[in-house]
Asks: 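I'd like to ask you about the structure that follows.
Every value quoted in this text rests on a predicted model; they were computed, and no experiment measured them.
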Amino acid sequence: MTSLGRTQADFQDFLLGRSTSIVEQVRGNARIGESDLLHVYRHGYWARQVEALANDFPGLCGLLGVAAFDRLSRDYVAASPSRHPSLRWLGRGLASHLDQFPVEAQPLAAGMARFDWAVAQAFDARDQIAVAMTDILALPPTAWESLRLAFTEAVSDLVADSSIGELRRAILHDAGEMPAAGEIDQRWIVWRQDEDIQYRPLADDEAAAFDLIRDGATFGSMCQLLSDHCRHPAAAVRSAEILKDWLDRGLVAEIAHDAAVSA
Amino acid sequence: MTVRMSDRRSDVAGFGLGLRPTHYADILAGSADGDLRVDWFEIISENYMIGGGKPLRHLMDIRAHYPMVMHGVSLSIGSTAPLDFDYLKDLKNLAARLEPAWISDHLCWTGIAGLNMHDLLPLPFTEEALVHVAERVHAVQAYLDRQILLENTSSYVTYLESAMPEWEFIAELSRRTGCEMLLDVNNVYVNAFNHSFDPLVFLDAIPRDTVRQIHLAGHENHGSHIIDTHDHDVVDAVWDLYAAAVARFGAVATMIERDDHIPPLNDLILELDRARSIQESALAARVGLVA
C-alpha cells in the first residue's frame, strides 16, 4: 500500500470508529487540537448518514421517534456502510437489517421500512410509457393465452401491516391519533402513476396473480391459477378485471405474446 | 417565451445559484414571468443520476430556460481506490442529456476499499498525492472528453507529511493536467482561519487564467475553528475576499451555495445582488474607474 493509501485507510478507519492512528499524522491549530478536529469529520460522517436515512424513511422515523431512529440508523450504517456514490441507495438494506435485528415496534417497523423504501424507489424510477387497455384490445384474440406483461420499474410489492398506508399517512401529516395495528402480513403494491406515488393493498388472489406475472408467466397461466389454486368461480372474468385494473393504474410497461400477427 | 437549450461555455457567465428542489416552483414561475435575476444554475450531479420521475422532469424544465453547470461530490479524484467507471458513465450520460457548460467536482477523496464516506476528505499536499491525482485527472478528462473543474475544499486538520501549501498543490495540478479551478472563496477563508495563513497569499498564487467559476457560501464559526456548513448567509469577511478575488481573476461566473436552512429564493437572489454589486465595484476599481 502506498503512503497515501495508508493515510486514507487510517483516516477512514477513524471515521468508522475502528482506529485512531490518523491522530498521530495530523495537527490542529493553536486554538484546538487535532483530535477534536478529527471528531468534526467523524460527527459529520454519522450525522450525514442518519439524515439521509431519515429523508428516505420518514414513516419509520416517525414511527420509532427521532432517538430510536438515530440508534437504528447508526447500527445499520455500522453494519452496512455506504458503497454507492449516492446516498440515495444507503437505505436499501434497512428493512432486511430490521428483520435480522428487530426493534421495539416490530413487526410494524420492518413493514414500514419496506413501505418507505418502495415509495423512495417509485419516486425516481425510470420514466416508462404505460401500456393502455387499447393496446391490449388491439391484440388478436389468439394472443391472450400467451400474453406476458412486464411491470414498470416503479412498481414494488411488499408485506406489511394492513394499516401501514393509513399509519404512514397519519405520521407524515402529523395527524395526532394513530390507527390501530391490523393484520401483520398484508401484501401491498406501491407504484408511480404519472408523477404521483400510489399504493394499495392486494387481495390474496391478485397477489398470487401478481407474483406469477412478475415471474414471467402468461395471462393464460394466470387464469388457470385463479381457477385451480384460488378456486375462483369466474376465473376468466376475475383475471380480466385484475388486468384492466393494472392497465388503468399504469402498472404495465411492456407486453409480448407468441401469437402470429397477420400482415 | 422562447425555450432553448444552451451548451456554450460562454453562456455561463454572471451570477448563478445552486438548484435546490425547494425552489423548483418559484424558479419556473419566475422563468415564465421573465424577471428572475439568476443567470444560470448549478446542480449537484449525483441528485440527478437517477432513472426519472419529478426530479429529472423539473431539472429539464428549468434547463430549458437556463444554462447549467454540473457539480459532483463523489468523483473522489484523490482516492487511492480505482476510478469508478460506472459512476463516470452515469455522469457522462447525465451530461449528454443536460449539456452543461462544464462539470466540476472537488479536490478531495471520499472513500476507499469500496466505501463512500460522503464527505470531502482532505488530501496531504505531497508530491506523491500530486502525481496520483494528476494521473486520475488525465484519465477522467479523457473519459469525459472534456476538461473538468476542481474545487478547493474546506479542511480542519493539516497532515504532518504535507510538503507544500494548498495553493501550490492546486496551481501545480492545474499546470500538469489542464484542469481548471472552481474557486470556493468561502473555503479559502475557512482554511485560512483553520490553518492560519493569509487568504490573499492563496489567491495570489493561483494563476489568473485557471479560475472558471467562483463559489460563495456561509459557514459556522466556532471560535477555535470554522466549519463549512452552507447554512448561513455569506459573511462580510468572505465578501471582502470575494472582492479581492474579482480584482485578481476578473468577472468570473459566480454563484451562492446553500445546502441547509435554505431561505426563500428571493432572499438568495438578494444575496446574489450583493455579489453583482461587489463584482462591479471590484472591476471598476481594477480599471481605475473609482477615484
Asks: Salt bridge or not between Glu24(A) and Arg6(A)? Use side-chain N to carboxylate O under 4.0 Å.
Replies: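 Salt bridge between Glu24(A) and Arg6(A), a charged N being under 4.0 Å from a carboxylate O: no.
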Asks: Could you please spell out the steps behind the side-chain hydrogen bond (donor to acceptor under 3.5 Å, both in side chains) verdict for Asn221(B) and His219(B)?
Replies: CA-CA 6 Å; Asn221(B) 192 330; His219(B) 58 242; 5.1 Å; no
Asks: Inspect the contact between Arg175(B) and Glu172(B) and indicate whether a charged nitrogen and a carboxylate oxygen are less than 4.0 angstrom apart.
Replies: yes
Asks: Under 6.0 Å between ring centres: does that hold for Trp167(B) and Phe197(B)?
Replies: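 When the ring centroids of Trp167(B) and Phe197(B) are compared, they turn out to be within the sub-6.0 Å range.
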Asks: Using only heavy-atom distances, determine whether the side chains of Glu166(B) and Asn152(B) contain a donor-acceptor pair under 3.5 Å.
Replies: no
Asks: Counting only non-hydrogen atoms closer than 4.5 Å, does Asp196(A) touch chain B with its backbone (N, CA, C, O), its side chain (CB onward), both, or neither?
Replies: side chain
Asks: Could you have a look at Gln128(A), Glu34(A), His84(A) and say which one has the most heavy-atom pairs with chain B under 4.5 angstrom?
Replies: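 Ranked by heavy-atom pairs under 4.5 Å with chain B, first place is His84(A).
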Asks: Below 4.5 Å from any heavy atom of chain B, which atoms of Gln25(A) appear? Answer side chain, backbone, both or neither.
Replies: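 Contact with chain B: backbone only.
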Asks: Report the option among Thr126(B), Leu121(B), Asp84(B) that has the most heavy-atom pairs separated by less than 4.5 Å from atoms of chain A.
Replies: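 Maximum pair count with chain A is reached by Leu121(B).
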Asks: As an exercise: rank Lys54(B), His118(B), Arg57(B), Glu128(B) by heavy-atom pairs under 4.5 Å with chain A and give me the winner.
Replies: His118(B)
Asks: Under 6.0 Å between ring centres: does that hold for Phe115(A) and Tyr199(A)?
Replies: yes
Asks: Need one label for Leu90(A): side chain, backbone, both or neither, based on atoms under 4.5 Å from any heavy atom in chain B.
Replies: neither
Asks: According to the salt bridge (charged side-chain N to carboxylate O under 4.0 Å, His left out) rule, which pairs have a member within residues 113-133 of chain A, sequence neighbours left out?
Replies: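 Of all non-adjacent pairs touching residues 113-133 of chain A, those that pass salt bridge (charged side-chain N to carboxylate O under 4.0 Å, His left out) are Arg88(A)-Asp124(A), Asp99(A)-Arg114(A), Asp116(A)-Arg168(A), Arg126(A)-Glu153(A), Asp127(A)-Arg192(A).
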Asks: Using the rule side chain to side chain contact (heavy atoms under 4.5 Å, CB included), only one of Val133(B), Thr153(B), Ile77(B) pairs with Leu123(B); which is it?
Replies: Val133(B)
Asks: Listed by residue number, which members of residues 65-83 of chain A have a heavy atom under 4.5 Å from any heavy atom of chain B?
Replies: Pro81(A), Ser82(A), Arg83(A)
Asks: With the threshold set at 4.0 Å, does a side-chain nitrogen-carboxylate oxygen contact exist between Lys89(B) and Asp86(B)?
Replies: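 Salt bridge: no.
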Asks: Under a 4.5 Å cutoff for heavy-atom pairs, which residue among Thr110(B), Ile112(B), Ile50(B) has the most contacts with chain A?
Replies: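 Greatest number of close heavy-atom pairs with chain A: Ile112(B).
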Asks: Tell me which of these, Thr80(B), Asn194(B), Asp90(B), has more heavy-atom pairs under 4.5 Å with chain A than the rest.
Replies: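 Going by pairs under 4.5 Å, I would pick Thr80(B).
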Asks: Check each atom of Phe193(B) against the heavy atoms of chain A and say whether the ones under 4.5 Å are side chain, backbone, both or neither.
Replies: both
